[in-house]
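Every value quoted in this text rests on a predicted model; they were computed, and no experiment measured them.
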Amino acid sequence: MNTRRRQILKELNLLPVWRLKSDTAQHSEAAEPQVVAETGNSPLLSGQPEKGTTQPPIAQMDWNQLKAAVAHCVACPLSQTRTQTVFGVGAENADWLFVGEGPGAREDEIGEPFVGQAGKLLDQMLAAIHLKRGEQVYIANIVKCRPPNNRNPSANEALQCEPYLTRQIALIKPKLIVALGKVAAQNLLKCDDSISSLRGKVHDYSGIPLIVTYHPAYLLRSLPEKAKTWKDLCFAQSTMQSLR
């Protein structure tokens, strides 16, 4: 690691860095190398600033501090395979917050959530209820790094990213959250219910109304479900109107 990167990580309280476990700990030559932390958890993720520093814990960060912390996060192995983090995009005081599961290949390349075909469909979904990306809308994901091969993020990966999303939500103060897909819904609502059982209801996320619908990528594979999603969007729109 070069001196500049180490200094950045030190300023963000993200040291210790990650290292490969010793060969003596491997059971065979064919075993995959394991990545372990040199000492404990990051002070940022634990919510405790490192002694002698002024860097706040995640729950007290402003937008710039939060973006920097996410950009240099090494809390889980996804940091080893990403091109870059995908923080989120949109109005930072948006009434609407849309949350997906995680970046795909194109998002990992560009650094913005919901681009490509799924992103175009999401933009069409927004337009259908008179919304536009970046205008009273913020878009984020459960995890900030792309899971390899676009798999669903693991429980641990979602857990490591949760403080970042929680702080984003606290800063945005949205009036309504729309969970896009099963992964987003189950992580936000802390449940394992099916998406079909979660749709059509107003749920509660820390006092914020939350509505569940299908993920745009799923809709690209299952066109008949678009009609159900239209009902969900109309339900979300009427719910928002009742909050004003």
Side-chain angles (χ1 to χ4, degrees), residues 45 47 58-59 66 70 75-76 78 86-90 92 94-104 107 113-114 118 121-122 125-126 129 131 136-147 150-219 221-222 225-244:
L45 293 179
I58 291 174
L66 188 62
V70 168
C76 81
L78 291 184
V86 180
F87 182 78
V89 66
E92 293 179 351
D95 288 343
W96 294 78
L97 172 63
F98 288 77
V99 181
E101 59 188 55
E107 288 84 356
F114 286 92
L121 180 53
L122 177 59
M125 291 164 61
L126 295 176
I129 52 173
L131 296 175
Q136 286 306 308
V137 173
Y138 196 93
I139 304 169
N141 281 310
I142 292 296
V143 296
K144 310 301 186 188
C145 299
R146 179 198 179 197
N150 292 348
R151 62 166 172 76
N152 291 339
S154 70
N156 180 62
E157 290 160 357
L159 181 64
Q160 296 299 328
C161 256
E162 185 177 3
Y164 298 132
L165 180 58
T166 299
R167 185 55 182 162
Q168 281 179 298
I169 295 172
L171 289 168
I172 297 167
K173 298 181 177 64
K175 292 182 179 178
L176 180 66
I177 298 173
V178 179
L180 299 168
K182 180 177 69 174
V183 172
Q186 291 180 345
N187 276 279
L188 289 168
L189 296 175
K190 302 301 181 187
C191 71
D192 57 3
D193 298 349
S194 67
I195 192 168
S196 60
S197 67
L198 294 172
R199 290 179 53 253
K201 305 172 185 176
V202 178
H203 304 274
D204 178 83
Y205 174 89
S206 299
I208 304 171
L210 183 150
I211 287 172
V212 176
T213 192
Y214 294 105
H215 193 285
Y218 171 76
L219 295 176
R221 304 189 302 269
S222 305
E225 305 292 11
K226 284 187 175 182
K228 295 179 181 178
T229 301
W230 170 241
K231 291 182 180 179
D232 296 336
L233 293 174
C234 291
F235 179 49
Q237 187 178 41
S238 64
T239 300
M240 176 64 84
Q241 290 173 346
S242 71
L243 298 173
R244 292 171 172 165

K.L.:
To the nearest 0.5 Å, tell me how far Lys228 NZ sits from Thr213 OG1.
P.N.:
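Between Lys228 NZ and Thr213 OG1, I get 10.5 Å after rounding to 0.5 Å.
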K.L.:
State, yes or no, whether a side-chain contact exists between Tyr218 and Thr229 at a heavy-atom distance under 4.5 Å.
P.N.:
no
K.L.:
Do Gln168 and Leu97 come within less than 4.5 Å of each other through their side chains, counting heavy atoms only?
P.N.:
no
K.L.:
Quick check: closest heavy atoms across Ala217 and Ala118, and the distance to 0.1 Å?
P.N.:
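Smallest heavy-atom distance, with atoms named: N-CB, 4.0 Å.
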K.L.:
Please determine which of Arg167, Lys144, Lys190 meets the salt bridge (Lys or Arg N to Asp or Glu O under 4.0 Å) test together with Glu162.
P.N.:
Lys190
K.L.:
Side chains of Asp95 and Val137: closer than 4.5 Å at any heavy-atom pair?
P.N.:
no
K.L.:
Over all heavy atoms of both residues, which pair between Ala94 and Tyr138 is shortest? Give the atoms and the distance, please.
P.N.:
CB-N, 3.6 Å
K.L.:
With rounding to the nearest 0.5 Å, note down the distance linking NE2 in His203 to CG in Leu198.
P.N.:
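Taking NE2 in His203 and CG in Leu198, the distance rounds to 4.5 Å.
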K.L.:
Do Trp96 and Leu126 have side chains that get closer than 4.5 Å, going by heavy atoms?
P.N.:
no
K.L.:
What is the distance from atom CD1 of Ile211 to atom OG of Ser238, rounded to the nearest 0.5 Å?
P.N.:
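With rounding to 0.5 Å, CD1 (Ile211) is 7.0 Å from OG (Ser238).
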K.L.:
Roughly how far, to the nearest 0.5 Å, is the OH atom of Tyr164 from the CG atom of Leu66?
P.N.:
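Here the interatomic distance stands at 8.0 Å.
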K.L.:
Less than 4.5 Å apart, any side-chain heavy atom of Pro209 and any of Leu243?
P.N.:
yes
K.L.:
Answer whether the closest heavy-atom distance between the side chains of Ile142 and Cys161 falls below 4.5 Å.
P.N.:
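Ile142 does not reach Cys161 side chain to side chain.
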K.L.:
If you take all heavy atoms of Ala184 and Val99, which pair is closest and at what distance?
P.N.:
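Scanning both residues completely, I find the closest heavy atoms to be CB-O, 3.3 Å.
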K.L.:
Which residue pairs satisfy the salt bridge (Lys or Arg N to Asp or Glu O under 4.0 Å) criterion with at least one member in residues 199-215, sequence neighbours excluded?
P.N.:
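Sorted result for residues 199-215: Arg199-Asp232.
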K.L.:
Measuring centre to centre across the rings, with the benzene-like ring taken for any Trp, is Phe98 within less than 6.0 Å of His215?
P.N.:
no
K.L.:
Is any side-chain heavy atom of Asn141 closer than 4.5 Å to one of Pro153?
P.N.:
no
K.L.:
May I ask you to test the Ile169-Ile208 pair for a side-chain heavy-atom distance under 4.5 Å?
P.N.:
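In short, these two side chains touch, coming nearer than 4.5 Å.
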K.L.:
Check the pair Leu165 / Leu188 against side-chain contact (heavy atoms from CB on, under 4.5 Å), numbers first and verdict last.
P.N.:
CA-CA 10 Å; Leu165 180 58; Leu188 289 168; 4.0 Å; yes
K.L.:
With rounding to the nearest 0.5 angstrom, report the CD to SG distance, Glu157 to Cys145.
P.N.:
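The SG atom of Cys145 is 9.0 Å from CD of Glu157, to the nearest 0.5 Å.
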K.L.:
Closest approach of Tyr214 and Met125, non-hydrogen atoms and distance?
P.N.:
O-CE, 4.5 Å
K.L.:
For Pro163 and Leu159, which heavy atoms make the closest approach, and how far apart are they?
P.N.:
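That would be CD-O, 3.4 Å.
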K.L.:
Between Ser194 and Ser197, do the side chains contain an N or O donor and an N or O acceptor separated by less than 3.5 Å?
P.N.:
yes
K.L.:
Work out which heavy atom in Ala140 is nearest to a heavy atom in Phe87; give both atom names and the distance.
P.N.:
CB-O, 4.4 Å
K.L.:
If only atom types and distance count, is the side chain of Glu107 paired as donor or acceptor with the main-chain N or O of Gly104 below 3.5 Å?
P.N.:
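The answer is yes, because a donor-acceptor pair under 3.5 Å joins these two groups.
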